[in-house]
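Read through the structure below, which is laid out as structure tokens, and then see the notes.
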Amino acid sequence: MTRPPPPLRIRTAGPTDFPTILALNAQSVHFLSPLDLPRLTRLHDQACLHLVGEIDGRVAAFLLAFRETAAYDSVNFRWFTDRYLHFLYIDRIVIGGDFRGQGVGVDLYRRVFDFARRESVPLVACEIDRDPPNLVSEQFHLRFGFAEVGRQRVPYAEKMVAMQLARVADVPGPELSGG
């Protein structure tokens, strides 16, 4: 008989989580921008959502998200602020290798969409690596209704990203378009 996975506890991240968050980010830096402690501290202070998912008392994942009014210097975030008035931007989500495939990412994204709904934010934004492609991320985001609204090359790596938006159910807002 297969045992169910241990329960996931999602909570707000705090400074005591930062060493683990930095280690998780380093494991997936080929998909993300690098992160050090001073930058993580700034992002934590600017984020409207900085969540960790714990399994058996271990931080299994983290997620950082920002409202359109954040003073965030990311070129991808700025791409959205140049085009959309109201959105929630998922900057990064990282699931530790031992915890992938257990629904951690799904639960974290549900929290994002619940937050957006409570705050009456009509759009959730993110980007997905297009060249080289990140097919796992693409399939994951399709489940949440994300659609490509533009592309751009990024200065921090040799890659192109696909800018993605998803409508938040029950929140009026613009149609998905970009450019």
Side-chain angles (χ1 to χ4, degrees), residues 8-55 57-97 99 104-129 134 137 140-141 144 146 149-150 152 154-157 159 161-166 168 171 173 178:
L8 172 68
R9 176 179 171 237
I10 297 176
R11 62 173 173 78
T12 300
T16 59
D17 299 310
F18 289 4
T20 304
I21 289 168
L22 290 171
L24 287 170
N25 196 87
Q27 290 172 12
S28 296
V29 77
H30 57 285
F31 294 119
L32 310 163
S33 58
L35 200 54
D36 59 18
L37 184 57
R39 182 149 179 86
L40 175 58
T41 301
R42 279 193 312 277
L43 296 182
H44 174 79
D45 291 343
Q46 295 172 350
C48 64
L49 282 177
H50 187 191
L51 303 173
V52 293
E54 282 184 336
I55 297 177
R58 292 175 50 206
V59 173
F62 77 94
L63 178 142
L64 273 163
F66 302 87
R67 285 299 308 269
E68 71 282 343
T69 55
Y72 185 28
D73 61 357
S74 158
V75 296
N76 296 324
F77 176 76
R78 291 289 163 218
W79 188 95
F80 288 106
T81 62
D82 289 346
R83 290 163 177 80
Y84 299 94
L85 290 177
H86 303 290
F87 61 88
L88 178 61
Y89 173 73
I90 300 169
D91 179 63
R92 63 190 76 211
I93 179 174
V94 178
I95 314 298
F99 302 102
V104 175
V106 170
D107 286 349
L108 285 167
Y109 264 48
R110 284 184 182 142
R111 288 284 180 104
V112 167
F113 279 85
D114 289 346
F115 176 88
R117 201 170 293 107
R118 280 193 314 275
E119 298 292 317
S120 298
V121 179
L123 300 171
V124 175
C126 69
E127 75 277 344
I128 299 171
D129 289 359
N134 183 340
S137 181
F140 175 83
H141 285 89
F144 285 89
F146 282 90
V149 293
Q152 76 173 354
V154 295
Y156 55 85
K159 65 180 172 181
V161 294
M163 313 313 274
Q164 303 277 318
L165 284 176
V168 177
V171 178

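A pairwise comparison of heavy atoms in Gln46 and Ala70 identifies O-CB, 4.2 Å as the closest pair. When all heavy atoms of Phe80 and Leu165 are compared, the closest pair comes out as CE2-CD2, 3.8 Å. Nearest heavy-atom pair across Tyr72 and Arg92 is OH-NH2, 4.0 Å. Phe113 and Ala166 make their closest contact through CZ-CB, 3.8 Å (heavy atoms, listed as atom of the first residue, atom of the second, distance). Cys48 approaches Leu88 most closely through the heavy-atom pair SG-CD1, 3.2 Å. The two atoms that bring Val124 and Ala116 nearest to each other are CG2-CB, 4.2 Å, heavy atoms only.
A 4.5 Å side-chain heavy-atom check between Ile95 and Leu108 finds at least one atom pair inside the cut-off. Side-chain contact between Asn25 and Phe62 is present, with at least one heavy-atom pair separated by less than 4.5 Å. Taking 4.5 Å as the limit, some side-chain heavy atom of Ile90 sits within range of a side-chain heavy atom of Leu63. The side-chain heavy atoms of Glu68 and Leu85, taken from C-beta on, include no pair separated by under 4.5 Å. Side-chain contact between Phe77 and Asp91: absent, with no pair of heavy atoms (C-beta onward) separated by less than 4.5 Å. The side-chain heavy atoms of Arg78 and Tyr89, taken from C-beta on, include no pair separated by under 4.5 Å.
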Problem set entry | side chain to side chain contact (heavy atoms under 4.5 Å, CB included) between Asp73 and Arg39, intermediate numbers included | CA-CA 11 Å; Asp73 61 357; Arg39 182 149 179 86; 2.8 Å; yes

For this session: Walk me through it: do Val121 and Phe115 pass the test side chain to side chain contact (heavy atoms under 4.5 Å, CB included)?
Result: CA-CA 8 Å; Val121 179; Phe115 176 88; 5.5 Å; no

Exercise. Are Phe144 and Val112 close enough, and set up right, to give a side chain to side chain contact (heavy atoms under 4.5 Å, CB included), and what steps lead you there?
Worked result: CA-CA 11 Å; Phe144 285 89; Val112 167; over 6 Å; no

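Using cut-offs of 30° and 60° for the angle between ring planes, the Phe146 and His141 rings count as perpendicular. Using a 30° and 60° split on the angle between ring planes, Phe18 and His44 fall in the perpendicular class, above 60°.
Salt-bridge formation is detected for the pair Asp17/Arg11: a Lys NZ or Arg NE/NH1/NH2 atom is positioned less than 4.0 Å from an Asp or Glu carboxylate oxygen. Salt-bridge annotation for Asp114 and Arg111: absent, with no side-chain N of the basic residue lying under 4.0 Å from a carboxylate O of the acidic one.
Leu40 CG to Ile21 CD1: the interatomic distance, rounded to the nearest 0.5 Å, is 5.5 Å. Between the CG atom in Leu35 and the OG1 atom in Thr41 there is a gap of 9.0 Å [rounded to 0.5 Å]. Separating the CG atom in Leu49 from the OG1 atom in Thr12 is a distance of 7.5 Å, to the nearest 0.5 Å. In this structure, NE2 in His86 is found 10.0 Å from OG1 in Thr69, a value given to the nearest 0.5 Å.
The side-chain contact (heavy atoms from CB on, under 4.5 Å) test applied to Asp82 returns no partner, not counting sequence neighbours. In terms of the side-chain contact (heavy atoms from CB on, under 4.5 Å) criterion, residue partners of Gln152 (sequence neighbours excluded) are, by chain and number, Val75, Asn76, Trp79, Val161, Met163.
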